[in-house]
Amino acid sequence: MKLILIHGDDIEQSRARLQKFIDSARDRKIEIIKIDCAKENLQEKMSANTLFETKKLYILENLGKVGKKEMEWFSKSNDKSEDTSVIYLTSRISAAVKKNLPKVAKEELFELPNEIWMFLDSVYPGNLERCLNLLHRTLDNKPAEFVVAMLAGHLKDLYHVQTDPDSFKQSPWRISKLKTQAAKFEGDKLEAFIHGLAEIDIASKTSSDNLADLLDFMIIDNLE
């Protein structure tokens, strides 16, 4: 079996690349079988489809959730099949998972620019100049809609650790980092920032206002 690995945290780009493989398979009348390894048994799902002689393209998501025995079976089955499997991950593949993979014919890594993560970390009161600088650098590479979506997710995490940290399930180092940043928003400033982001998102969709400019002004209003 030919094995292709698509991974990285730039989900927009990686999804587009995955879609190209799917479209190509459809054009060539290849059967497409999607398997979510977090919810389905990989061995059972792939074995059931070997009864048919049509060529197949397997899309394997969440491969890190596969158990040891299933992974051993997957590695061995690759020697016998003429089908293609695309392993798709929405983050960089871990060394442990990659170590257990059979030979990968093609690997494509899609990573977000460092500026986006630096920008998200810089969003807190009293850090306006650095935050705006990183925002503008980020907007040079990514559309405003993407930046707003990333910021919205980050603010949601900050609010979660600020209001109910015990229920936030993430790695200890990330929780610690988020708590430090969230603590810099005193009183109801974090809620006000979240509300402001929601307002400019609506405004950009219901008016001719430029989203990048709205984001700029909203950050100035909230972080000064």
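Basis for what follows: all heavy atoms, side chains included, without hydrogens, waters or symmetry-related copies.
- Contact annotation: the side chain of D10 approaches that of K142 to within less than 4.5 Å [non-hydrogen atoms, C-beta and beyond].
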- [ ] For the pair K205 and L211, evaluate side-chain contact (heavy atoms from CB on, under 4.5 Å) and give the outcome as yes or no after the intermediate values.
- [x] CA-CA 9 Å; K205 294 172 181 175; L211 182 56; over 6 Å; no
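- A144 approaches A212 most closely through the heavy-atom pair CB-N, 3.9 Å.
- Linking ILVMFWY residues whenever their side-chain heavy atoms come closer than 4.5 Å, directly or via other members, places L223 and M150 in the same cluster.
- Note that SG of C37 and CG of L63 are 5.0 Å apart. Values are rounded to the nearest 0.5 Å.
- Cluster partners of I202, using a side-chain heavy-atom cutoff of under 4.5 Å among ILVMFWY residues and allowing indirect links: none.
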Task: Residue pair D209, S204: steps toward the side-chain contact (heavy atoms from CB on, under 4.5 Å) verdict - done: CA-CA 6 Å; D209 292 332; S204 70; 5.9 Å; no
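- For N222 (side chain) and M218 (main-chain N/O), a donor-acceptor pair under 3.5 Å exists by modelled atom type.
- Expressed to the nearest 0.5 Å, how far CZ of F193 lies from CZ of F185 amounts to 5.5 Å.
- Closest non-hydrogen pair, L57 versus A25, comes out as CD2-CB, 3.7 Å.
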- [ ] Apply the test side-chain hydrogen bond (donor to acceptor under 3.5 Å, both in side chains) to residues D27 and S24: give CA-CA distance (whole Å), side-chain angles for both, the deciding distance (0.1 Å), then the verdict.
- [x] CA-CA 5 Å; D27 291 342; S24 176; 5.9 Å; no
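- Between Y124 and C131 the shortest side-chain heavy-atom distance does not fall below 4.5 Å.
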TODO: Decide side-chain contact (heavy atoms from CB on, under 4.5 Å) for K103 and L3; before the verdict, give the C-alpha distance in whole Å, the side-chain angles of both, and the deciding distance to 0.1 Å.
DONE: CA-CA 7 Å; K103 182 180 179 182; L3 193 61; over 6 Å; no
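- Summarising the geometry, atom OG1 belonging to T90 is positioned 7.0 Å from atom CG belonging to N62; distances are rounded to the nearest 0.5 Å.
- For D157 and R174, the salt-bridge test passes: some basic side-chain N is under 4.0 Å from an acidic carboxylate O.
- Side-chain contact between F119 and V123: present, with at least one pair of heavy atoms (C-beta onward) separated by less than 4.5 Å.
- Using a 4.5 Å cut-off between side-chain heavy atoms of Ile, Leu, Val, Met, Phe, Trp and Tyr, with links allowed through other members, L197 and L178 fall into the same hydrophobic cluster.
- Residues L135 and L215 are in side-chain contact: their nearest non-hydrogen atoms beyond the backbone lie under 4.5 Å apart.
- Within the 3.5 Å criterion, the main-chain N or O of A96 finds a donor-acceptor partner in the side chain of N100.
- Remark: side-chain polar atoms of E31 are not paired, donor with acceptor, to backbone N or O of K56 under 3.5 angstrom.
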- [ ] Please test M46 against S85 for side-chain contact (heavy atoms from CB on, under 4.5 Å), starting from the C-alpha separation and ending with a verdict.
- [x] CA-CA 10 Å; M46 294 186 77; S85 285; 3.8 Å; yes
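- Taking CD from E70 and CD from E44, the interatomic distance works out to 8.0 Å, rounded to the nearest 0.5 Å.
- Clustering ILVMFWY residues whenever any of their side-chain heavy atoms sit less than 4.5 angstrom apart, transitively, puts Y58 in the very cluster that holds F74.
- The distance from atom CD1 of I116 to atom CG of L134, rounded to the nearest 0.5 Å, is 9.5 Å.
- A distance-only check finds no donor-acceptor pair linking the side chain of S176 to the backbone of P172 [under 3.5 Å].
- For Y88 and S14, the side-chain atoms include at least one donor-acceptor pair closer than 3.5 Å.
- The minimum heavy-atom distance linking V161 with L158 is given by the pair CG2-O, 3.2 Å.
- Of the possible donor and acceptor atoms, none in the side chain of Q13 sits under 3.5 Å from a partner among the backbone N and O of F110.
- Proximity of P113 to T138: side-chain heavy atoms (C-beta onward) are nowhere separated by under 4.5 Å.
- Annotation: cation-pi geometry not satisfied between K156 and Y159 (NZ/CZ under 6.0 angstrom from ring centroid, within 45° of ring axis).
- Both V104 and I93 are members of a single hydrophobic cluster when ILVMFWY side chains are connected at heavy-atom separations under 4.5 Å.
- We find the CD-CD distance between E40 and E61 to be 10.0 Å, quoted to the nearest 0.5 Å.
- Side-chain N/O atoms of S91 and H7 include no donor and acceptor closer than 3.5 Å.
- Hydrophobic clustering, with ILVMFWY side chains joined whenever heavy atoms are under 4.5 angstrom apart, keeps M1 apart from I59.
- Pairing each heavy atom of Q181 with each of S122, the nearest pair is NE2-N, 4.5 Å.
- Here the shortest heavy-atom pairing between L128 and I220 reads CD1-CA, 3.8 Å.
- Looking only at atom types and distance, the side chain of E191 has no donor-acceptor partner in the side chain of H195 under 3.5 Å away.
- Counting only residues at least two apart or on different chains, the salt bridge (Lys or Arg N to Asp or Glu O under 4.0 Å) pairs with a member in residues 105-132 are R17-E108, R92-E111, K98-E107, K106-E108, E115-R137, D121-K177.
- Taking both residues in full, the closest heavy atoms of L60 and L42 are given as CD2-CD1, 3.8 Å, listed atom of the first, atom of the second, then distance.
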